[in-house]
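Order of the sequence lines fixes the chain letters, A, B, ..., with proteins taken first and strands second; residue numbering starts at 1 for each chain. In this text, all values refer to a predicted model and were calculated from it rather than measured experimentally.
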Amino acid sequence: MQVLYFAWLRERVGAGREEIASDAPTVAALVEELRAKDERYALAFEDLSAVRVAVDQEAAEFDAPLAGVRELAFFPPVTGG
Amino acid sequence: MTEPAPPTAPPTAQGPAPVVHVSVQAADFDIGAEIDRLTAGRADIGAVATFTGLVRDHAGGVPISGMELEHYPGMTEAALRAIADAARARWPLQGVTVIHRYGPLAPAARIVLVACASPHRGAAFEAAEFVMDYLKTRAPFWKKETTPEGARWVDAREADDEAAARWR
């Protein structure tokens, strides 16, 4: 699955996009995997109240299932306009 | 004698189908040209309300020398289209235009344009405000401001969530 990061999440992870193969059943489970894997992710996902999720380009929650998902994105609350 | 011609499609009270124009672009836009595009070829529009957002040169007393706007290609366009469609479902709109820029923007630069066309001004004004309130809380854009102390990501404002919540 393609995992995308935007704004300060992109800066903390050090990449805007990466391919991740994982058996994590949910977004939250994947976040735990990533946090344990590397300090960069631990820093990016330090405060989940400041992180929003999109699954296949639709707004989603952390308990969203990952089965069949092609694109997952993490980003801060939006600030356009 | 020839039979009378069968009736063609019944004339619609609202005229041509409503048009949604969404663009996420680096380039600047021309507000007059966008109003012309929205109203071209039709005489049933009574009101066009527009909102234009600009880059300020200060934020909370801190000078801002510019900003960088990041977005989520693909999701951004879909989100803006969904917001325009939600406005059309709520008000009798004949057209909705949403243009949002990304990339580096200098103070005074135009960031966003919303234009709503309707037979009467009330719906046009309200719809433009609704589109902006939803855009600010749902469209995946992020601003990074350049200040004398360095660049910083803009924090989302609670007031924007409250503004969007009042339309529910």
Joint hydrophobic cluster, [X] plus [Y], side-chain heavy atoms closer than 4.5 Å:
X	Y	value
Leu54(B)	Met67(B)	no
Tyr134(B)	Leu80(B)	yes
Val48(B)	Val131(B)	no
Val114(B)	Ile35(B)	no
Phe45(A)	Ile20(A)	yes

Identify which part of [X] has an atom lying under 4.5 Å from any heavy atom of chain A, answering side chain, backbone, both or neither.
X	result
Ala78(B)	neither
Arg138(B)	backbone
Asp155(B)	backbone

Fill in the blank from the handout: Per-residue tally against chain A (heavy atom, under 4.5 Å) across Tyr102(B), Phe141(B), Trp153(B) peaks at Trp153(B)
Problem - Arg10(A) versus chain B, the contacting section by heavy-atom distance below 4.5 Å - result: side chain
Practice task
Name the region of Ala54(A), side chain, backbone, both or neither, that has any atom closer than 4.5 Å to a heavy atom of chain B.
Solution key: side chain
Surrounding [atom1] of [X] (heavy atoms of other residues, nucleotides or ligands, distance under 6.0 Å), is the total greater than 12?
X	atom1	answer
Phe125(B)	CZ	no
Asp47(A)	CG	yes
Glu19(A)	CD	yes
Arg56(B)	CZ	no
Glu61(A)	CD	no

Exercise for the section: For chain B, find its close neighbours in residues 63-81 of chain A: heavy-atom separation under 4.5 Å, sorted by number, or none. Expected result: Glu71(A), Ala73(A), Phe75(A), Pro76(A), Pro77(A), Val78(A), Thr79(A), Gly80(A), Gly81(A)
Problem - Nearest-0.5 Å distance that lies between atom CZ in Phe6(A) and atom OG1 in Thr76(B) - result: 7.0 Å
Handout entry: Over all atoms of both residues, closest heavy-atom pair of Glu58(A) and Met75(B)
Key = C-CE, 4.4 Å
Problem - Heavy-atom side-chain proximity of Glu11(A) to Lys144(B) below 4.5 angstrom - result: yes
